[in-house]
Amino acid sequence: MDTDEFIPGLHQPASLLPIAQHRASLLYVIETCPVTIIVGQTGSGKTTQLPQYLEQAGWCRDGKLIAITQPRRVAATTVAKRVASELQCPLGQEVGYSIRFEDVTSAATKIKFLTDGLLLREALVDPLLSRYSVIMVDEAHERSLSSDVLLGILKKIQKKRPELRIIISSATLQADEFLHFFENDNAIDEAEKAHNEEVNTQTGQIVKIEGRAFPVDIHYTTNPCENYLERAVQTIFDIHSSEPEGDVLLFLTGREEIETVIEMIADRIPSLANTADRILPLPLYAGLTTEQQMYVFESAPGHTRKIICATNIAEASVTIDGIVYVIDCGFVKLKAYNPSTGIDTLTATPVSKASATQRAGRAGRTKPGKCYRLYTEASYSRLAETTVPEIQRSNLAPTILQLKALGIDNIARFAFLTPPPAELVTRALELLYSLGALDEYAKLTKPLGIRMAELALEPMLAKCLLSATSFGCLSEMLTIAAMTSLQGNVWFTHDSKKKEENARWKFAVDQGDHLTLLNVYQAFITKGKKDAHWCRDHFLNFKSMTRAVSIRNQLRRYLERFGIDVSESLNTNNDVLRVGGEQATRPVEENIRRCLTSGYFAHAARMAPDGTFRTVDGKTTLHAHPSSLMFNRKADWVVFTEVMETGDKIYIRDVSKIEKSWLVEYAPEYYRVRS
DNA sequence: TGCATTGTT
């Protein structure tokens with residue numbers, strides 16, 4: 001980097017941040033109102049300064065803590081580090097953070113940053129979250145599943161703990177909605193309401209804080225564009241030839257589009273004049289390894305303009321400095337759960353206005369910028385205001401199990417910020433009932449349901465793990481649960497696909513992907529632990545494998561707490577089990593597949609002669625994902641742990657062979673109803 | 001036969 005260049009200071013001295021002028025009024029509002037909604041753009045200092053103000057104002061008296069939740073792990077850690085350094089104290093003392101697998105707090109901690117999902121889990125142990133005097137839910141406008149649920153829980157807690165202070169950080173658009181959510185209370189009786197009015201108590205108040213963003217000029221296309229990839233490339237070269245220096249951020253929907261555009265750019269580079277500045281296209285999506293992602297943060301060589309081609313990861317999760325131009329294709333891939341089929345679909349959908357605004361804002365972080373939208377102004381005006389919240393388009397089985405464990409028996413009466421469609425709730429309740437987590441009155445069962453809720457696993461997988469003891473394969477199921485939790489990030493994607501596939505064969509087991517994953521894990525533990533080279537040679541994602549080890553350890557600790565005996569003497573593949581009953585005569589690999597069936601009976605299919613699969617009702621055609629062993633093997637009946645509809649096909653991944661009779665054996669009620 | 005956005009416990 002040139003030493004004679006000025007670097008724009010993104011980190012203002014704390015006294016110069018916009019929030020500093022609001023210190024007194026903010027503290028007053030928080031003192032007098034149970035709920036404060038704080039509207040502040042990036043750079044306002046709300047996340048870093050407000051917790052310090054609160055601590056100094058005495059909110060940590062009597063050993064109470066201030067919690068600030070974040071939707072992402074990195075945010076929780078980086079903000080904690082920043083605040084600790086501002087207060088000049090070692091991280092983990094007065095200021096700390098807590099994320100899964102990492103608890104950097106101590107008895108001295110007063111300000112604690114954590115993920116919203118983790119705070120929700122704390123409520124399982126401490127239902128009133130009584131350790132905290134103030135809870136700030138940051139980035140609540142993102143409307144993640146866990147922050148939505150957290151807000152509902154907080155509303156409930158506040159009735160029993162009126163002294164608790166709740167702070168919600170939101171983008172402008174949704175502030176009123178949050179305020180209304182906390183004010184509007186059907187359960188509150190009329191007498192109490194009248195009393196509140198009499199003493200003039202306000203439930204909540206909105207405080208607006210100006211941000212530190214630069215203006216961004218928005219440009220639209222005059223006509224709808226037929227091929228936004230071509231239009232994007234054209235726009236990049238137009239910017240390059242006529243606009244001053246500054247990097248470009250292009251929003252696309254997925255990996256495939258990104259690779260295509262990068263090739264198209266490369267093809268046109270020779271047409272640039274020899275004297276012209278150069279162009280450097282770079283990909284950015286979550287599927288890349290950390291090392292591959294680092295390139296976008298490095299400064300380009302002299303006279304070179306970086307063109308970052310990214311998915312939605314660059315909208316909120318990853319921030320890149322030096323972006324002056326944003327190109328927005330206007331689409332995003334969104335997941336939506338279909339309650340009638342039980343299948344998630346992933347489809348490109350038009351972005352919301354809120355999303356388009358957020359994308360444009362990425363151009364104005366260090367100086368005034370420009371945003372080129374590859375759609376007309378008329379199309380923009382027809383976009384939805386905000387993205388449909390996750391809670392309205394997700395499989396709610398894990399959420400409802402969690403709510404039940406938190407003591408919310410009547411889901412219909414729970415205060416949802418936006419209620420999920422009834423079919424989603426019904427489907428989730430049905431699944432939880434069929435797994436034995438709920439009884440016929442929709443109450444959590446003991447101990448199965450309670451334990452399933454405590455395990456950090458999706459319900460079907462939790463069921464497998466909790467029935468593993470009776471199949472004599474607990475150690476193996478622990479590994480399989482950890483590996484399938486990685487959701488397909490086991491293998492490292494590489495340019496030479498053939499080699500990658502050959503590497504996979506080394507671990508392959510005839511009966512399916514789960515036993516193959518078990519093999520991979522055992523090889524990693526015995527030969528490749530802490531060895532990134534071994535992983536690279538076998539096309540395995542080192543970071544993912546390390547994570548699997550952590551997940552497995554955590555799950556084992558949970559089981560031990562339940563009083564389940566976890567002996568780690570591994571059976572070898574053809575061992576006959578020394579347990580009682582009829583399974584004693586079975587090889588362990590068969591017991592593993594039976595155990596999988598006991599949790600994944602709802603995910604069963606049969607292979608047709610053409611190699612595709614049919615669901616049990618025969619209505620849906622499924623395809624083995626190319627990363628599955630079953631992509632090019634023969635099978636009859638199978639169960640699978642993942643299913644996703646993309647484009648025009650439904651793919652299943654992590655597939656294992658089973659016997660048809662096992663379905664009726666382990667889920668008699670489920671299959672009786674349907675036959 | 002040919003591939004999944006992004007988060008989190």
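Predicted, not measured: the structure shown is a model, and the values here were computed from it.
For R100(A), the listed nucleotide lying nearest its side chain is dT9(B); candidates were dT9(B), dT8(B), dA4(B). In the set dT6(B), dC3(B), dT5(B), dT5(B) carries the atom at the smallest distance from any side-chain atom of K333(A). Residue R653(A) has its side chain nearest to dA4(B) when only dT9(B), dT6(B), dA4(B) are considered. Side-chain atoms of L346(A) lie closest to dA4(B) of the nucleotides dA4(B), dG2(B), dG7(B). For F631(A), the listed nucleotide lying nearest its side chain is dT1(B); candidates were dT5(B), dT1(B), dT9(B).
Annotation: of the two residues near DNA chain B, A286(A) and A456(A), the 5′-most nearest-nucleotide partner is A286(A). Judged by closest nucleotide on DNA chain B, R633(A) is the one of E642(A) and R633(A) placed further toward the 5' end.
Residue ring and nucleobase are not stacked for Y285(A) and dT5(B) under a centre distance beneath 5.5 angstrom and an angle between planes beneath 30°.
Atoms CG (D513(A)) and P (dA4(B)) sit 16 Å apart, rounded to a whole Å.
Dashed line: the shortest gap from a side-chain N or O of S146(A) to OP1 or OP2 of dT8(B) is not under 4.0 Å. Between R121(A) and dT8(B) there is no side-chain N or O to OP1 or OP2 distance below 4.0 Å.
Within 4.0 Å of Q487(A), counting heavy atoms only, lies at least one base atom of the nucleic acid.
Remark: the R255(A) side chain and the dA4(B) base include no donor-acceptor N/O pair separated by less than 3.5 Å.
By the 30° and 60° cut-offs, the orientation of the rings of F640(A) relative to H603(A) is parallel.
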